[in-house]
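Okay, so here's the structure we're looking at.
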Amino acid sequence: MSRRARQPLFRLATANFRAHCWINIKLCAVFVCMSILICLFAAFNMSVESRRQEIFAYSASSNYMYGASDRSRLLEEYGLTDYQYYTLGRYNLSEIMKENINADIPTVTTNFISLAVEGIDGGKPRAFLSDKTPEMLWLYKGDPFQNDIDKREMRDRFGSDELYIGSFPKDGSREILISEKLLEGYGLEPEQVIGRQLQIWLGEHAEQIWTNLTVTGVIVKEYYQLSGHLEGNWQIAPSVVAAENNGIYAINVKVDTLHVYVFDEWSTLSVDDLNDISTEGELSYCGIASYRQREFLNNIRQVVVNVFYVVGSILAAGLLLTVMLMIDKFVAVFCRTGGILLSCGLDNGNLIRLLFVQILLLFLASLPLALVGSLVGYAVVVQLVAAGTGISMTVSSLTVAKLVALSATAVFASAVAFFGCAALQLRKKSVKQLLATEIS
């Protein structure tokens with residue numbers, strides 16, 4: 001036992017590695033190529049799946065439909081039964097716009113109104129700032145914040161589930177919530193208006209829309225960055241919110257009732273089915289863009305998988321053929337060296353151990369190259385996908401960690417398979433047979 005322990009297998013393997021450097025380098029290159037081939041395919045699929053999950057995680061607040069009438073029965077016909085239903089009132093200012101500027105648009109724009117705040121500028125109306133971009137002004141009554149999907153996306157993206165600061169307006173009062181984004185257009189800060197009275201004036205003639213309003217809270221500007229409230233021209237993105245049963249007098253405008261269906265989970269329906277529901281039910285589905293992105297990613301993945309099966313199979317077959325051609329030469333070289341070492345006193349049982357140590361050296365030499373090659377190859381694939389499709393694939397630390405682990409596993413599996421094949425050829429060979437081995 002002590003004699004075996006003293007035999008320097010690692011030093012012998014290192015010397016043998018150096019003596020036949022070229023064949024070992026070629027074997028390392030084969031291991032590296034095999035690893036990169038496997039890793040790129042797996043990493044692309046992992047990245048696509050990660051991107052799909054990210055799309056839905058960061059689009060949670062858009063998973064709702066709304067329309068002008070109750071379409072619950074239609075949704076049930078398509079198997080959509082798990083949703084939260086409520087109604088909202090939206091003040092229709094289109095008639096006012098026709099009267100004032102002869103324009104057929106659904107609501108007034110922010111550059112067409114003025115705000116007067118108690119205690120600021122002596123209570124005089126403040127005009128919209130010229131360096132700001134005008135947006136539509138939507139006046140709502142009811143609670144648009146009663147669902148969980150807004151809070152979920154808010155937490156995922158901004159680390160907080162506060163949709164507004166302050167308190168929600170009480171029933172029967174003249175209290176309102178107002179948008180922080182709207183206030184910025186007039187150079188106002190939330191702390192300047194909370195608890196104060198506010199007047200909203202319309203147009204050049206300073207006709208009041210709402211008067212003597214008390215601001216109890218401000219809708220945070222991050223709310224309007226959520227996927228379900230980003231596009232104020234067709235999504236629900238309130239600028240001002242009052243209670244359902246408020247005591248506010250509005251000038252002669254009607255109130256449109258919106259029927260809202262909030263889905264807690266994403267549907268498995270196709271984009272075509274969702275479009276059919278929207279068309280048939282005259283519903284706006286605010287999450288349709290997420291479904292289209294998911295379908296596009298699925299199509300891209302299917303194309304890449306099909307290409308990989310063809311090209312990857314050819315490359316893998318070529319690499320395996322290369323290994324088969326090289327293994328005979330490697331074993332022949334090792335047999336000659338092993339025969340000499342056995343003649344010089346190497347223990348018979350240590351011959352296979354020496355082979356294992358030498359292939360372990362191949363594994364260790366291949367590993368850094370395989371890791372770097374896989375990561376660089378993946379970065380190139382990500383850039384090509386971004387350039388070709390406009391979709392930025394995620395490169396998360398988890399994906400990179402999985403890629404590194406997979407790369408190491410692929411190289412190790414290649415080394416183990418190679419060791420098994422070589423060990424089978426060395427089995428039961430005598431010293432004389434080892435020394436008589438011909439190296440072509």
Q: Could you give me the CA-CA distance, side-chain angles and deciding distance for Leu213 and Ile178, then say whether side chain to side chain contact (heavy atoms under 4.5 Å, CB included) is met?
A: CA-CA 10 Å; Leu213 309 173; Ile178 191 167; over 6 Å; no
Nearest heavy atoms of [X] and [Y], plus distance in Å:
X	Y	answer
Glu184	Leu129	O-CD1, 3.9 Å
Gln235	Leu230	OE1-N, 2.9 Å
Gly142	Leu88	C-CD2, 3.9 Å
Thr214	Gln197	OG1-CG, 4.1 Å
Pro238	Ser179	O-CB, 4.3 Å
Ile219	Tyr164	CA-CB, 3.8 Å

(Q) Using the side chain to side chain donor-acceptor pair (under 3.5 Å) definition, which of the options His229, Lys151, Glu153 pairs with Ser61? (A) Glu153
Q. Does the separation of the ring centres of Tyr64 and Tyr261 fall below 6.0 angstrom?
A. no
Q. Are Phe158 and Leu226 close enough, and set up right, to give a side chain to side chain contact (heavy atoms under 4.5 Å, CB included), and what steps lead you there?
A. CA-CA 10 Å; Phe158 303 107; Leu226 300 179; 4.0 Å; yes
Any donor-acceptor pair under 3.5 Å from [X] side chain to [Y] backbone:
X	Y	result
Ser239	Trp138	yes
Glu180	Glu189	no
Ser270	Asp273	yes
Asn63	Glu265	yes
Arg157	Gln225	yes
Thr216	Ser167	yes
Arg126	Leu115	no
Glu118	Gly195	no

Tell me, do [X] and [Y] make a side-chain contact under 4.5 Å, heavy atoms counted?
X	Y	value
Arg71	Met65	no
Val241	Pro144	yes
Val240	Ile200	yes
Glu135	Tyr224	no
Ile120	Arg196	yes
Ser290	Ser62	yes
Glu282	Leu74	no
Leu269	Tyr291	no

Q: Carefully, step by step, assess Val117 and Val215 under the rule side chain to side chain contact (heavy atoms under 4.5 Å, CB included).
A: CA-CA 10 Å; Val117 182; Val215 180; over 6 Å; no
**Q.** More than 12 heavy atoms from other groups under 6.0 Å of CH2 on Trp234
**A.** yes
(Q) Does Arg90 form a salt bridge (Lys or Arg N to Asp or Glu O under 4.0 Å) with Asp256? I'd like the steps, not just the answer. (A) CA-CA 5 Å; Arg90 185 166 67 188; Asp256 298 327; 5.3 Å; no
How long is the span from the [atom1] atom in [X] to the [atom2] atom in [Y], to the nearest 0.5 Å?
X	Y	atom1	atom2	answer
Ile149	Trp266	CD1	CH2	7.5 Å
Phe128	Tyr186	CZ	OH	6.0 Å
Asp161	Asp148	CG	CG	9.5 Å
Leu188	Leu198	CG	CG	8.5 Å
Phe363	Leu367	CZ	CG	4.5 Å
Asp272	Ile277	CG	CD1	11.5 Å

(Q) Met136 vs Thr110, test: side chain to side chain contact (heavy atoms under 4.5 Å, CB included). Steps then yes/no. (A) CA-CA 6 Å; Met136 291 184 171; Thr110 50; over 6 Å; no
(Q) Could you tell me if Asp70 and Ser72 have a donor-acceptor pair between their side chains, going purely by distance under 3.5 Å? (A) yes
(Q) Going by side-chain contact (heavy atoms from CB on, under 4.5 Å), name the residues that satisfy it together with Gln84, two or more places apart in sequence or in a different chain. (A) Tyr86, Gln146, Asn147, Val262
Q. In terms of ring plane angle, is the pair His259 and Tyr85 parallel, tilted or perpendicular, where the classes change at 30° and 60°?
A. parallel
